[in-house]
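Input: a single structure, listed below in C-alpha coordinates.
Note that ligands are numbered from 1 as they come in the structure, with each ligand's atoms numbered from 1 the same way.
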Amino acid sequence: MTEKTSNTMWGGRFEMSPSEIMEEINASIDFDKRMAREDIAGSKAHASMLAAAGIITKDDKQAIDKGLDQVLGEIEAGEFEYSRALEDVHMNVEARLKELIGEPAGRLHTGRSRNDQVATDFRLYVRGQIEKFDAALASLQRSLAQKAKENAATVMPGFTHLQPAQPVTFGHHLLAYVEMFGRDRGRFQDARKRLNECPLGAAALAGTSFPIDREKTAAALGFDRPTRNSLDSVSDRDFVLETLAAATICAVHLSRFSEEIVLWVTPQFGFLKLSDRFTTGSSIMPQKRNPDAAELCRAKVGRIAGALQSLVLVMKGLPLAYSKDMQEDKEVAFDALDSLRVAVSAMAGMVEDMQPVPENMRLAAGYGYSTATDLADWLVRELKMPFRDAHHVTGSIVALAEKNACDLGDLPLDAMQSVEARITQAVFGVLSVENSVASRTSYGGTAPHNVEKMAGDWLTRLESEPQAG
Ligand code: ARG
(Lines give C-alpha, C1' and ligand atoms only; values in the text may rest on other atoms or scores of the structure.)
Protein backbone atom coordinates (compact mmCIF):
# COMPACT_ATOMS: atom_id res chain seq x y z
CA MET A 1 0.00 0.00 0.00
CA THR A 2 2.91 2.27 0.60
CA GLU A 3 4.97 1.27 -2.42
CA LYS A 4 5.23 3.89 -5.15
CA THR A 5 3.02 2.33 -7.79
CA SER A 6 0.59 5.11 -8.51
CA ASN A 7 -1.86 4.83 -11.40
CA THR A 8 -0.09 5.19 -14.73
CA MET A 9 -3.11 6.93 -16.27
CA TRP A 10 -3.44 9.76 -13.80
CA GLY A 11 -0.82 9.19 -11.14
CA GLY A 12 1.53 12.10 -11.90
CA ARG A 13 1.01 13.78 -8.57
CA PHE A 14 0.43 10.59 -6.61
CA GLU A 15 3.08 8.67 -4.76
CA MET A 16 1.25 5.80 -3.19
CA SER A 17 -1.13 3.31 -4.69
CA PRO A 18 -4.70 3.25 -3.39
CA SER A 19 -5.65 1.18 -0.38
CA GLU A 20 -7.24 -2.13 -1.09
CA ILE A 21 -10.65 -1.00 0.01
CA MET A 22 -10.30 2.18 -2.05
CA GLU A 23 -9.67 0.02 -5.07
CA GLU A 24 -12.64 -2.14 -4.24
CA ILE A 25 -15.09 0.70 -3.86
CA ASN A 26 -13.66 2.66 -6.76
CA ALA A 27 -13.15 0.11 -9.50
CA SER A 28 -16.03 -0.32 -11.93
CA ILE A 29 -14.30 -2.63 -14.38
CA ASP A 30 -16.10 -5.72 -13.07
CA PHE A 31 -19.36 -4.36 -14.47
CA ASP A 32 -18.56 -1.58 -16.94
CA LYS A 33 -16.53 -3.97 -19.07
CA ARG A 34 -19.78 -4.76 -20.77
CA MET A 35 -19.56 -1.36 -22.44
CA ALA A 36 -16.22 -2.20 -24.06
CA ARG A 37 -17.68 -2.30 -27.57
CA GLU A 38 -19.29 1.10 -27.13
CA ASP A 39 -16.11 2.48 -25.59
CA ILE A 40 -14.04 1.36 -28.55
CA ALA A 41 -16.59 2.70 -31.04
CA GLY A 42 -16.49 6.05 -29.23
CA SER A 43 -12.69 6.11 -29.27
CA LYS A 44 -12.55 5.34 -32.96
CA ALA A 45 -14.99 8.12 -33.75
CA HIS A 46 -13.01 10.51 -31.55
CA ALA A 47 -9.67 9.56 -33.15
CA SER A 48 -11.04 9.98 -36.68
CA MET A 49 -12.38 13.39 -35.79
CA LEU A 50 -9.08 14.43 -34.15
CA ALA A 51 -7.22 13.44 -37.33
CA ALA A 52 -9.72 15.15 -39.64
CA ALA A 53 -9.40 18.33 -37.57
CA GLY A 54 -5.60 18.12 -37.73
CA ILE A 55 -5.28 17.64 -33.98
CA ILE A 56 -3.48 14.31 -34.37
CA THR A 57 -1.72 12.97 -37.44
CA LYS A 58 -3.24 10.53 -39.89
CA ASP A 59 -0.53 8.04 -38.93
CA ASP A 60 -1.45 8.26 -35.28
CA LYS A 61 -5.10 7.81 -36.17
CA GLN A 62 -4.30 4.73 -38.21
CA ALA A 63 -2.21 3.23 -35.44
CA ILE A 64 -4.99 3.94 -32.95
CA ASP A 65 -7.61 2.39 -35.22
CA LYS A 66 -5.61 -0.73 -35.80
CA GLY A 67 -4.77 -1.05 -32.13
CA LEU A 68 -8.39 -0.62 -31.09
CA ASP A 69 -9.43 -3.31 -33.54
CA GLN A 70 -6.93 -5.63 -31.93
CA VAL A 71 -8.20 -4.74 -28.44
CA LEU A 72 -11.75 -5.45 -29.58
CA GLY A 73 -10.61 -8.76 -31.05
CA GLU A 74 -9.01 -9.72 -27.75
CA ILE A 75 -12.15 -8.77 -25.85
CA GLU A 76 -14.38 -10.74 -28.18
CA ALA A 77 -12.12 -13.75 -28.00
CA GLY A 78 -12.26 -13.56 -24.20
CA GLU A 79 -8.49 -13.04 -24.07
CA PHE A 80 -8.45 -9.53 -22.69
CA GLU A 81 -7.05 -9.23 -19.20
CA TYR A 82 -8.99 -6.66 -17.25
CA SER A 83 -7.25 -4.96 -14.38
CA ARG A 84 -8.95 -3.51 -11.36
CA ALA A 85 -6.00 -1.24 -10.75
CA LEU A 86 -6.98 0.48 -14.00
CA GLU A 87 -10.41 1.19 -12.50
CA ASP A 88 -12.73 1.12 -15.46
CA VAL A 89 -13.28 0.05 -19.03
CA HIS A 90 -12.01 3.35 -20.43
CA MET A 91 -8.61 3.07 -18.82
CA ASN A 92 -8.36 -0.67 -19.38
CA VAL A 93 -8.85 -0.22 -23.10
CA GLU A 94 -6.49 2.74 -23.32
CA ALA A 95 -3.78 1.03 -21.30
CA ARG A 96 -3.88 -2.03 -23.54
CA LEU A 97 -3.79 0.22 -26.58
CA LYS A 98 -0.65 1.80 -25.18
CA GLU A 99 0.95 -1.63 -24.77
CA LEU A 100 0.08 -2.42 -28.36
CA ILE A 101 0.93 0.81 -30.20
CA GLY A 102 2.93 2.91 -27.77
CA GLU A 103 2.95 6.70 -27.98
CA PRO A 104 -0.01 7.39 -30.33
CA ALA A 105 -2.26 5.80 -27.69
CA GLY A 106 -1.45 8.68 -25.41
CA ARG A 107 -2.86 11.17 -27.95
CA LEU A 108 -6.28 9.56 -28.03
CA HIS A 109 -7.43 11.30 -24.87
CA THR A 110 -6.86 14.77 -26.37
CA GLY A 111 -9.93 16.95 -25.99
CA ARG A 112 -11.95 14.40 -24.08
CA SER A 113 -12.36 13.11 -20.55
CA ARG A 114 -13.70 9.98 -18.97
CA ASN A 115 -16.71 12.06 -18.01
CA ASP A 116 -17.91 12.62 -21.56
CA GLN A 117 -16.57 9.21 -22.51
CA VAL A 118 -18.68 7.32 -19.99
CA ALA A 119 -21.74 9.41 -20.82
CA THR A 120 -21.27 8.53 -24.49
CA ASP A 121 -20.64 4.83 -23.87
CA PHE A 122 -23.66 4.47 -21.63
CA ARG A 123 -25.94 6.28 -24.06
CA LEU A 124 -24.79 3.97 -26.83
CA TYR A 125 -25.34 0.95 -24.60
CA VAL A 126 -28.82 2.01 -23.49
CA ARG A 127 -29.75 2.88 -27.07
CA GLY A 128 -28.76 -0.62 -28.17
CA GLN A 129 -30.88 -2.11 -25.40
CA ILE A 130 -33.87 0.01 -26.39
CA GLU A 131 -33.57 -1.25 -29.94
CA LYS A 132 -33.56 -4.84 -28.71
CA PHE A 133 -36.61 -4.22 -26.51
CA ASP A 134 -38.47 -2.74 -29.41
CA ALA A 135 -37.95 -5.85 -31.50
CA ALA A 136 -38.67 -8.21 -28.60
CA LEU A 137 -41.86 -6.39 -27.65
CA ALA A 138 -42.97 -6.34 -31.28
CA SER A 139 -42.58 -10.08 -31.46
CA LEU A 140 -44.48 -10.52 -28.19
CA GLN A 141 -47.25 -8.35 -29.65
CA ARG A 142 -47.32 -10.51 -32.75
CA SER A 143 -47.73 -13.70 -30.73
CA LEU A 144 -50.50 -12.10 -28.68
CA ALA A 145 -52.34 -10.76 -31.71
CA GLN A 146 -52.09 -14.12 -33.45
CA LYS A 147 -53.54 -15.91 -30.43
CA ALA A 148 -56.19 -13.20 -30.14
CA LYS A 149 -57.25 -13.79 -33.71
CA GLU A 150 -57.59 -17.51 -33.10
CA ASN A 151 -59.65 -16.80 -29.98
CA ALA A 152 -61.71 -13.86 -31.18
CA ALA A 153 -64.89 -15.75 -30.25
CA THR A 154 -63.65 -17.74 -27.25
CA VAL A 155 -65.97 -16.57 -24.48
CA MET A 156 -64.52 -16.08 -21.00
CA PRO A 157 -65.52 -14.10 -17.92
CA GLY A 158 -64.50 -10.48 -17.78
CA PHE A 159 -63.71 -9.37 -14.24
CA THR A 160 -63.77 -6.25 -12.18
CA HIS A 161 -62.58 -6.58 -8.58
CA LEU A 162 -61.77 -10.13 -9.74
CA GLN A 163 -65.52 -10.75 -9.50
CA PRO A 164 -67.42 -11.94 -12.59
CA ALA A 165 -68.52 -8.75 -14.34
CA GLN A 166 -69.48 -9.27 -17.98
CA PRO A 167 -68.50 -11.92 -20.48
CA VAL A 168 -65.67 -11.00 -22.84
CA THR A 169 -63.61 -13.00 -25.30
CA PHE A 170 -60.15 -14.37 -24.66
CA GLY A 171 -58.99 -12.66 -27.83
CA HIS A 172 -60.18 -9.33 -26.48
CA HIS A 173 -58.32 -9.89 -23.24
CA LEU A 174 -55.09 -10.68 -25.11
CA LEU A 175 -55.46 -7.58 -27.27
CA ALA A 176 -55.55 -5.48 -24.10
CA TYR A 177 -51.92 -6.52 -23.58
CA VAL A 178 -51.05 -5.81 -27.21
CA GLU A 179 -52.14 -2.23 -26.48
CA MET A 180 -50.06 -2.04 -23.29
CA PHE A 181 -46.92 -3.36 -24.96
CA GLY A 182 -47.53 -0.93 -27.82
CA ARG A 183 -47.47 1.95 -25.35
CA ASP A 184 -44.34 0.50 -23.74
CA ARG A 185 -42.64 0.55 -27.11
CA GLY A 186 -43.73 4.15 -27.55
CA ARG A 187 -42.20 5.08 -24.20
CA PHE A 188 -38.91 3.41 -25.11
CA GLN A 189 -38.92 5.24 -28.43
CA ASP A 190 -39.54 8.55 -26.67
CA ALA A 191 -36.62 7.86 -24.36
CA ARG A 192 -34.48 7.00 -27.36
CA LYS A 193 -35.32 10.26 -29.08
CA ARG A 194 -34.14 12.38 -26.15
CA LEU A 195 -31.19 10.08 -25.48
CA ASN A 196 -29.84 10.32 -28.98
CA GLU A 197 -27.57 13.34 -28.56
CA CYS A 198 -23.83 12.93 -28.29
CA PRO A 199 -22.02 14.17 -25.16
CA LEU A 200 -18.56 13.41 -26.58
CA GLY A 201 -16.48 16.57 -26.69
CA ALA A 202 -17.94 18.07 -23.53
CA ALA A 203 -14.65 16.82 -22.06
CA ALA A 204 -14.40 17.03 -18.27
CA LEU A 205 -17.18 19.59 -17.90
CA ALA A 206 -16.33 22.82 -19.67
CA GLY A 207 -15.62 21.79 -23.25
CA THR A 208 -12.16 21.93 -24.76
CA SER A 209 -9.77 24.43 -26.32
CA PHE A 210 -8.97 22.04 -29.19
CA PRO A 211 -10.79 22.71 -32.47
CA ILE A 212 -12.86 19.53 -32.27
CA ASP A 213 -15.78 18.78 -34.54
CA ARG A 214 -18.61 17.52 -32.38
CA GLU A 215 -21.02 17.21 -35.29
CA LYS A 216 -18.65 14.73 -36.84
CA THR A 217 -18.34 12.44 -33.81
CA ALA A 218 -22.07 12.65 -33.19
CA ALA A 219 -22.81 11.56 -36.76
CA ALA A 220 -20.20 8.81 -36.71
CA LEU A 221 -21.85 7.26 -33.67
CA GLY A 222 -25.37 7.50 -35.06
CA PHE A 223 -26.47 10.35 -32.79
CA ASP A 224 -28.85 12.97 -34.13
CA ARG A 225 -26.70 15.88 -32.94
CA PRO A 226 -24.20 16.84 -30.23
CA THR A 227 -25.53 17.86 -26.81
CA ARG A 228 -25.72 21.63 -26.36
CA ASN A 229 -24.29 22.21 -22.89
CA SER A 230 -21.06 20.67 -21.67
CA LEU A 231 -22.07 20.71 -17.99
CA ASP A 232 -25.35 19.01 -18.72
CA SER A 233 -23.62 16.53 -21.03
CA VAL A 234 -21.49 15.02 -18.30
CA SER A 235 -23.96 15.25 -15.43
CA ASP A 236 -27.13 14.05 -17.11
CA ARG A 237 -28.44 10.58 -16.43
CA ASP A 238 -32.03 11.33 -17.42
CA PHE A 239 -31.65 8.92 -20.30
CA VAL A 240 -31.11 6.06 -17.88
CA LEU A 241 -33.88 7.20 -15.55
CA GLU A 242 -36.29 7.53 -18.41
CA THR A 243 -35.40 4.14 -19.82
CA LEU A 244 -35.77 2.56 -16.39
CA ALA A 245 -39.13 4.27 -15.96
CA ALA A 246 -40.27 2.81 -19.28
CA ALA A 247 -38.85 -0.55 -18.23
CA THR A 248 -40.69 -0.38 -14.92
CA ILE A 249 -44.04 0.29 -16.57
CA CYS A 250 -43.42 -2.51 -19.05
CA ALA A 251 -42.52 -4.83 -16.16
CA VAL A 252 -45.76 -3.85 -14.43
CA HIS A 253 -47.66 -4.98 -17.52
CA LEU A 254 -45.75 -8.25 -17.63
CA SER A 255 -46.44 -8.73 -13.96
CA ARG A 256 -50.18 -8.24 -14.34
CA PHE A 257 -50.38 -10.69 -17.19
CA SER A 258 -48.21 -13.16 -15.29
CA GLU A 259 -50.55 -12.98 -12.33
CA GLU A 260 -53.45 -13.86 -14.61
CA ILE A 261 -51.55 -16.79 -16.04
CA VAL A 262 -50.75 -18.00 -12.52
CA LEU A 263 -54.43 -17.81 -11.61
CA TRP A 264 -55.73 -19.26 -14.84
CA VAL A 265 -53.60 -22.41 -14.81
CA THR A 266 -54.92 -23.40 -11.36
CA PRO A 267 -57.49 -26.23 -11.29
CA GLN A 268 -59.91 -23.71 -9.73
CA PHE A 269 -59.87 -21.53 -12.84
CA GLY A 270 -58.65 -24.05 -15.40
CA PHE A 271 -58.74 -21.47 -18.21
CA LEU A 272 -55.28 -22.23 -19.56
CA LYS A 273 -52.77 -25.01 -19.87
CA LEU A 274 -49.02 -24.53 -20.03
CA SER A 275 -46.90 -27.39 -21.30
CA ASP A 276 -43.84 -28.99 -19.72
CA ARG A 277 -41.76 -26.35 -21.48
CA PHE A 278 -42.96 -23.57 -19.20
CA THR A 279 -43.78 -25.35 -15.96
CA THR A 280 -41.89 -27.26 -13.29
CA GLY A 281 -42.75 -30.13 -10.98
CA SER A 282 -42.42 -30.45 -7.24
CA SER A 283 -39.79 -32.61 -5.60
CA ILE A 284 -42.32 -33.88 -3.07
CA MET A 285 -45.81 -33.55 -4.62
CA PRO A 286 -45.91 -35.70 -7.74
CA GLN A 287 -49.09 -34.13 -9.08
CA LYS A 288 -47.72 -30.57 -9.17
CA ARG A 289 -47.25 -28.46 -12.26
CA ASN A 290 -46.06 -25.04 -11.24
CA PRO A 291 -46.07 -21.95 -13.46
CA ASP A 292 -42.58 -20.82 -12.37
CA ALA A 293 -41.86 -18.79 -15.48
CA ALA A 294 -45.00 -16.73 -14.93
CA GLU A 295 -44.18 -16.29 -11.25
CA LEU A 296 -40.69 -15.05 -12.07
CA CYS A 297 -42.03 -12.68 -14.71
CA ARG A 298 -44.44 -11.42 -12.09
CA ALA A 299 -41.54 -10.82 -9.70
CA LYS A 300 -39.03 -9.12 -12.03
CA VAL A 301 -40.75 -5.79 -11.63
CA GLY A 302 -39.31 -5.74 -8.10
CA ARG A 303 -35.75 -5.35 -9.25
CA ILE A 304 -36.61 -3.16 -12.20
CA ALA A 305 -38.61 -0.67 -10.15
CA GLY A 306 -35.87 -0.99 -7.52
CA ALA A 307 -33.25 0.07 -10.06
CA LEU A 308 -35.27 3.13 -10.99
CA GLN A 309 -35.68 4.02 -7.33
CA SER A 310 -32.01 3.43 -6.68
CA LEU A 311 -30.85 5.72 -9.47
CA VAL A 312 -33.38 8.42 -8.59
CA LEU A 313 -31.88 8.47 -5.11
CA VAL A 314 -28.30 8.49 -6.42
CA MET A 315 -29.02 11.46 -8.70
CA LYS A 316 -31.10 13.42 -6.22
CA GLY A 317 -29.19 16.38 -4.84
CA LEU A 318 -26.02 15.82 -6.89
CA PRO A 319 -24.38 19.13 -7.72
CA LEU A 320 -23.22 19.71 -11.29
CA ALA A 321 -21.24 18.42 -12.99
CA TYR A 322 -19.84 14.87 -12.78
CA SER A 323 -19.61 13.13 -9.40
CA LYS A 324 -18.38 9.62 -8.85
CA ASP A 325 -21.78 8.81 -7.37
CA MET A 326 -22.89 8.49 -10.95
CA GLN A 327 -20.83 5.35 -11.42
CA GLU A 328 -23.58 3.70 -9.38
CA ASP A 329 -25.90 4.05 -12.37
CA LYS A 330 -24.61 1.03 -14.22
CA GLU A 331 -25.01 -2.10 -12.14
CA VAL A 332 -28.65 -1.45 -11.34
CA ALA A 333 -29.43 -0.46 -14.91
CA PHE A 334 -27.67 -3.50 -16.37
CA ASP A 335 -29.51 -5.76 -13.98
CA ALA A 336 -32.87 -4.14 -14.67
CA LEU A 337 -32.47 -4.25 -18.43
CA ASP A 338 -31.25 -7.87 -18.32
CA SER A 339 -34.22 -8.78 -16.18
CA LEU A 340 -36.67 -7.12 -18.50
CA ARG A 341 -35.15 -8.85 -21.50
CA VAL A 342 -35.55 -12.27 -19.90
CA ALA A 343 -39.08 -11.47 -18.76
CA VAL A 344 -40.23 -10.29 -22.19
CA SER A 345 -38.78 -13.39 -23.85
CA ALA A 346 -40.25 -15.73 -21.25
CA MET A 347 -43.64 -14.10 -21.70
CA ALA A 348 -43.42 -14.47 -25.47
CA GLY A 349 -42.59 -18.14 -24.95
CA MET A 350 -45.55 -18.62 -22.61
CA VAL A 351 -47.95 -16.93 -25.00
CA GLU A 352 -46.90 -19.31 -27.77
CA ASP A 353 -47.14 -22.24 -25.42
CA MET A 354 -50.43 -21.53 -23.66
CA GLN A 355 -53.50 -23.49 -24.64
CA PRO A 356 -56.86 -22.04 -23.66
CA VAL A 357 -59.53 -24.44 -22.35
CA PRO A 358 -62.63 -22.90 -23.99
CA GLU A 359 -65.16 -25.10 -22.20
CA ASN A 360 -63.93 -23.99 -18.78
CA MET A 361 -63.80 -20.36 -19.84
CA ARG A 362 -67.32 -20.60 -21.28
CA LEU A 363 -68.67 -22.22 -18.13
CA ALA A 364 -67.07 -19.63 -15.86
CA ALA A 365 -68.32 -16.83 -18.11
CA GLY A 366 -71.84 -17.65 -16.97
CA TYR A 367 -71.07 -17.62 -13.24
CA GLY A 368 -72.17 -14.76 -11.03
CA TYR A 369 -75.09 -13.51 -13.14
CA SER A 370 -72.63 -12.05 -15.61
CA THR A 371 -75.40 -11.15 -18.10
CA ALA A 372 -77.32 -9.00 -15.61
CA THR A 373 -76.23 -5.86 -17.46
CA ASP A 374 -77.64 -7.33 -20.66
CA LEU A 375 -80.97 -7.78 -18.88
CA ALA A 376 -80.89 -4.17 -17.64
CA ASP A 377 -79.97 -2.95 -21.15
CA TRP A 378 -82.92 -4.97 -22.54
CA LEU A 379 -85.31 -3.25 -20.12
CA VAL A 380 -83.97 0.13 -21.25
CA ARG A 381 -84.20 -0.73 -24.94
CA GLU A 382 -87.49 -2.61 -25.03
CA LEU A 383 -89.47 -1.05 -22.18
CA LYS A 384 -87.91 2.41 -22.43
CA MET A 385 -87.04 2.32 -18.73
CA PRO A 386 -84.49 4.80 -17.41
CA PHE A 387 -81.23 2.87 -16.85
CA ARG A 388 -81.24 3.53 -13.09
CA ASP A 389 -84.70 1.93 -12.77
CA ALA A 390 -83.67 -0.97 -15.00
CA HIS A 391 -80.62 -1.48 -12.78
CA HIS A 392 -82.90 -1.70 -9.75
CA VAL A 393 -85.36 -4.11 -11.37
CA THR A 394 -82.51 -6.32 -12.56
CA GLY A 395 -81.05 -6.33 -9.06
CA SER A 396 -84.35 -7.72 -7.73
CA ILE A 397 -84.43 -10.38 -10.46
CA VAL A 398 -80.86 -11.40 -9.61
CA ALA A 399 -81.88 -11.69 -5.95
CA LEU A 400 -84.74 -13.92 -7.02
CA ALA A 401 -82.44 -16.14 -9.08
CA GLU A 402 -80.10 -16.32 -6.13
CA LYS A 403 -82.97 -17.41 -3.90
CA ASN A 404 -83.92 -20.11 -6.43
CA ALA A 405 -80.25 -21.09 -6.80
CA CYS A 406 -80.43 -20.81 -10.58
CA ASP A 407 -78.96 -18.74 -13.38
CA LEU A 408 -80.79 -15.76 -14.82
CA GLY A 409 -81.58 -17.68 -18.00
CA ASP A 410 -83.17 -20.51 -16.00
CA LEU A 411 -85.56 -18.28 -14.09
CA PRO A 412 -89.16 -18.87 -15.27
CA LEU A 413 -90.76 -15.97 -17.14
CA ASP A 414 -93.52 -15.55 -14.55
CA ALA A 415 -90.90 -15.17 -11.81
CA MET A 416 -89.36 -12.28 -13.78
CA GLN A 417 -92.78 -10.84 -14.42
CA SER A 418 -93.43 -10.84 -10.66
CA VAL A 419 -90.77 -8.12 -10.53
CA GLU A 420 -91.63 -6.33 -13.78
CA ALA A 421 -94.88 -7.32 -15.48
CA ARG A 422 -93.91 -6.05 -18.96
CA ILE A 423 -90.99 -8.49 -19.41
CA THR A 424 -91.60 -10.91 -22.30
CA GLN A 425 -90.14 -14.19 -23.51
CA ALA A 426 -87.84 -12.21 -25.80
CA VAL A 427 -85.66 -11.29 -22.82
CA PHE A 428 -84.09 -14.76 -22.85
CA GLY A 429 -82.47 -13.87 -26.15
CA VAL A 430 -79.99 -11.56 -24.39
CA LEU A 431 -79.16 -13.73 -21.41
CA SER A 432 -76.65 -16.14 -22.98
CA VAL A 433 -72.98 -15.30 -22.74
CA GLU A 434 -72.57 -15.68 -26.51
CA ASN A 435 -75.28 -13.15 -27.20
CA SER A 436 -73.84 -10.88 -24.55
CA VAL A 437 -70.41 -10.66 -26.17
CA ALA A 438 -71.86 -10.53 -29.67
CA SER A 439 -73.87 -7.47 -28.69
CA ARG A 440 -70.81 -5.48 -27.54
CA THR A 441 -70.14 -4.01 -30.96
CA SER A 442 -69.18 -0.50 -29.86
CA TYR A 443 -65.71 0.55 -31.04
CA GLY A 444 -63.16 -1.21 -28.85
CA GLY A 445 -65.82 -3.55 -27.48
CA THR A 446 -65.52 -7.32 -27.11
CA ALA A 447 -67.80 -8.53 -29.93
CA PRO A 448 -65.97 -11.36 -31.76
CA HIS A 449 -66.28 -9.53 -35.04
CA ASN A 450 -64.56 -6.46 -33.55
CA VAL A 451 -61.85 -8.56 -31.97
CA GLU A 452 -61.10 -10.38 -35.17
CA LYS A 453 -60.81 -7.13 -37.06
CA MET A 454 -58.64 -5.49 -34.40
CA ALA A 455 -56.33 -8.52 -34.21
CA GLY A 456 -56.05 -8.50 -38.01
CA ASP A 457 -55.20 -4.79 -38.04
CA TRP A 458 -52.51 -5.31 -35.44
CA LEU A 459 -51.01 -8.23 -37.35
CA THR A 460 -50.86 -6.20 -40.54
CA ARG A 461 -49.24 -3.31 -38.72
CA LEU A 462 -46.76 -5.57 -36.91
CA GLU A 463 -45.74 -7.39 -40.06
CA SER A 464 -43.83 -4.36 -41.26
CA GLU A 465 -42.01 -4.01 -37.91
CA PRO A 466 -38.49 -5.13 -36.98
CA GLN A 467 -38.17 -8.80 -36.05
CA ALA A 468 -36.46 -9.78 -32.79
CA GLY A 469 -32.88 -10.89 -33.35
N1 ARG B 1 -16.02 4.73 -14.18
C2 ARG B 1 -16.52 6.06 -14.19
C3 ARG B 1 -18.04 6.06 -14.18
O4 ARG B 1 -18.61 5.07 -14.50
C5 ARG B 1 -16.04 6.77 -15.40
C6 ARG B 1 -15.91 8.25 -15.23
C7 ARG B 1 -14.86 8.55 -14.26
N8 ARG B 1 -14.55 9.95 -14.21
C9 ARG B 1 -13.81 10.47 -13.26
N10 ARG B 1 -13.63 11.72 -13.32
N11 ARG B 1 -13.31 9.75 -12.31
O12 ARG B 1 -18.65 7.03 -13.84
>> Regarding His90 and Asp121, do their side chains bring together a donor and an acceptor under 3.5 Å, going by distance alone?
In response: yes
>> Please verify the inter-ring angle class for Tyr177 with Phe257; under 30° counts as parallel, over 60° as perpendicular, anything in between as tilted.
In response: parallel
> What heavy-atom pair brings Ala336 and Leu244 nearest, and what distance separates the two atoms?
Replying inline: CB-CD2, 3.6 Å
> Tell me the side-chain hydrogen bond (donor to acceptor under 3.5 Å, both in side chains) pairs involving residues 219-231, sequence neighbours left out?
Replying inline: Asn196-Asp224, Glu197-Arg225, Arg214-Thr227, Thr227-Ser233
>> Show me, by chain and number, every protein residue that has a heavy-atom distance under 4.0 Å to ligand 1.
In response: Ser28, Asp32, Asp88, His90, Arg114, Asn115, Val118, Tyr322, Lys324, Gln327, Lys330
> Can a salt bridge be assigned to the pair Arg341 and Asp338 using a cut-off of 4.0 Å between side-chain N and carboxylate O?
Replying inline: yes
> Are the side chains of Thr120 and Leu221 in touch, meaning some heavy atoms are under 4.5 Å apart?
Replying inline: yes
